[in-house]
Amino acid sequence: QVQLVESGGGLVQAGGSLRLSCAASGRTFSTYDMAWFRQAPGKERECVVASTWNGGSTYYADSVKGRFTISRDNAKNTVYLQMNSLKPEDTAVYYCAATIYADTAYLEDKKTYNYWGQGTQVTVSS
């Protein structure tokens, strides 16, 4: 069983930055394929960014390309989402997700992921 705990959300002004963290349990974290999703009120949960365990395949939503970056520290069992140049439309609950042996053709599909965090709220004011 893998447990994921997000942190780092909060309120920020448009143009600002936040870094979300997702701490994972398990001794094989380095083999996890990881993703960040978000869900705004009344909208579907969408993939923001995803990456295979070795970074060989990555996905970035068009809306965040050039602004958001995923990274990981295997020694700390943690994956990060650096968010720069934030916009009000980035406001959502952000979720960390994990799986093993993801089909890279479906990295952005929420059905790919078996494990989910509880979410952290990000609010961007205009």
Side-chain angles (χ1 to χ4, degrees):
Q1 187 73 9
V2 176
Q3 292 187 325
L4 304 173
V5 179
E6 302 99 333
S7 61
L11 174 65
V12 64
Q13 287 189 330
S17 298
L18 280 176
R19 188 178 78 160
L20 305 183
S21 300
C22 173
S25 65
R27 291 176 290 179
T28 58
F29 173 76
S30 61
T31 66
Y32 299 166
D33 302 315
M34 303 295 298
W36 287 94
F37 285 74
R38 68 185 180 188
Q39 188 166 18
K43 294 189 176 182
E44 292 285 322
R45 188 171 298 191
E46 63 172 352
C47 185
V48 175
V49 58
S51 176
T52 54
W53 66 276
N54 61 355
S57 293
T58 58
Y59 166 85
Y60 282 88
D62 287 342
S63 58
V64 305
K65 283 180 181 177
R67 301 189 298 123
F68 290 12
T69 304
I70 189 172
S71 63
R72 64 195 297 161
D73 185 337
N74 289 334
K76 296 182 177 180
N77 278 17
T78 301
V79 64
Y80 303 98
L81 180 65
Q82 179 66 44
M83 304 186 295
N84 298 327
S85 302
L86 283 161
K87 304 175 181 180
E89 52 263 44
D90 295 318
T91 295
V93 177
Y94 283 71
Y95 298 91
C96 176
T99 192
I100 299 176
Y101 303 129
D103 184 336
T104 57
Y106 300 98
L107 270 183
E108 74 273 24
D109 190 337
K110 56 183 178 286
K111 296 178 183 178
T112 294
Y113 299 89
N114 304 112
Y115 307 103
W116 293 84
Q118 82 289 350
T120 186
Q121 176 70 46
V122 172
T123 303
V124 184
S125 63
S126 57

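Annotation: cation-pi pair R38/Y95 absent, no NZ/CZ under 6.0 Å from the ring centroid and within 45° of its normal. A cation-pi arrangement is not found for R72 relative to Y32, the charged atom failing to lie both closer than 6.0 Å to the ring centre and inside a 45° cone about the ring normal.
Checking side-chain atoms of T104 against main-chain N and O of S57 turns up no donor-acceptor pair under 3.5 Å. A distance-only check finds a donor-acceptor pair linking the side chain of E6 to the backbone of G119 [under 3.5 Å]. Side-chain atoms of S21 do not come within 3.5 Å of backbone N or O of S7 as any donor-acceptor pair. When atom types are taken as modelled, the side chain of D73 and the backbone of T78 share no donor-acceptor pair closer than 3.5 angstrom. T123 contributes no side-chain N or O that, together with a main-chain N or O of L11, makes up a donor-acceptor pair within less than 3.5 Å.
In the hydrophobic clustering of ILVMFWY residues, with side-chain heavy atoms under 4.5 Å counting as a link, Y60 and Y94 come out together. Tracing side-chain contacts under 4.5 Å through hydrophobic residues (I, L, V, M, F, W, Y), one reaches F68 starting from V12; they form part of the same cluster. No path of Ile, Leu, Val, Met, Phe, Trp and Tyr side chains, each step under 4.5 Å between heavy atoms, connects M34 with Y113, placing them in separate hydrophobic clusters. By the rule that hydrophobic residues join a cluster once side-chain heavy atoms approach within less than 4.5 Å of another member, F29 and I100 end up as members of one cluster. Hydrophobic clustering (ILVMFWY, side-chain heavy atoms < 4.5 Å, transitive): V5 and L18 are in distinct clusters.
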Go through D62 and K65 one step at a time and tell me if the salt bridge (Lys or Arg N to Asp or Glu O under 4.0 Å) criterion holds.
CA-CA 5 Å; D62 287 342; K65 283 180 181 177; 3.1 Å; yes

Working note: N84 + L86, criterion side-chain contact (heavy atoms from CB on, under 4.5 Å); need CA distance, chi angles, decisive distance, verdict.
CA-CA 5 Å; N84 298 327; L86 283 161; over 6 Å; no

Given ring-ring contact (aromatic ring centres under 6.0 Å, His included), test F37 with W116 step by step and report yes or no.
CA-CA 10 Å; F37 285 74; W116 293 84; 4.9 Å; yes

When you look at C47 and W36, which way does the side-chain contact (heavy atoms from CB on, under 4.5 Å) test go after all the steps?
CA-CA 6 Å; C47 185; W36 287 94; over 6 Å; no

Check the pair V49, Y59 against side-chain contact (heavy atoms from CB on, under 4.5 Å), reporting the backbone distance first and the verdict last.
CA-CA 5 Å; V49 58; Y59 166 85; 5.8 Å; no

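Minimum heavy-atom separation, A92 to A40: CB-N, 3.8 Å. The two atoms that bring V2 and L4 nearest to each other are CG1-CD2, 3.9 Å, heavy atoms only. Nearest approach of S85 to R67, heavy atoms of both residues: O-NH1, 2.9 Å.
Atoms CG and OG1, on D33 and T58 in that order, are 12.0 Å from each other to the nearest 0.5 Å. Taking SG from C96 and CG from L81, the interatomic distance works out to 9.5 Å, rounded to the nearest 0.5 Å. Considering CG of D90 and OG of S63, their distance stands at 7.0 Å, rounded to 0.5 Å. Rounding to the nearest 0.5 Å places CG of L107 at 10.0 Å from OG1 of T99. In this structure, Q82 CD and S17 OG are separated by 6.0 Å, a value rounded to the nearest 0.5 Å.
Atom CD of Q3 is surrounded by 12 or fewer heavy atoms from other residues, nucleotides or ligands within 6.0 Å.
For the pair L20/Y80, no side-chain contact is recorded, criterion being any heavy-atom separation below 4.5 Å from C-beta on. In this structure, V122 and T91 have side chains that are not in contact, with every pair of non-hydrogen atoms separated by 4.5 Å or more. For the pair K110/E46, no side-chain contact is recorded, criterion being any heavy-atom separation below 4.5 Å from C-beta on. Residues S125 and Q13 meet the side-chain proximity criterion, which asks for heavy atoms closer than 4.5 Å.
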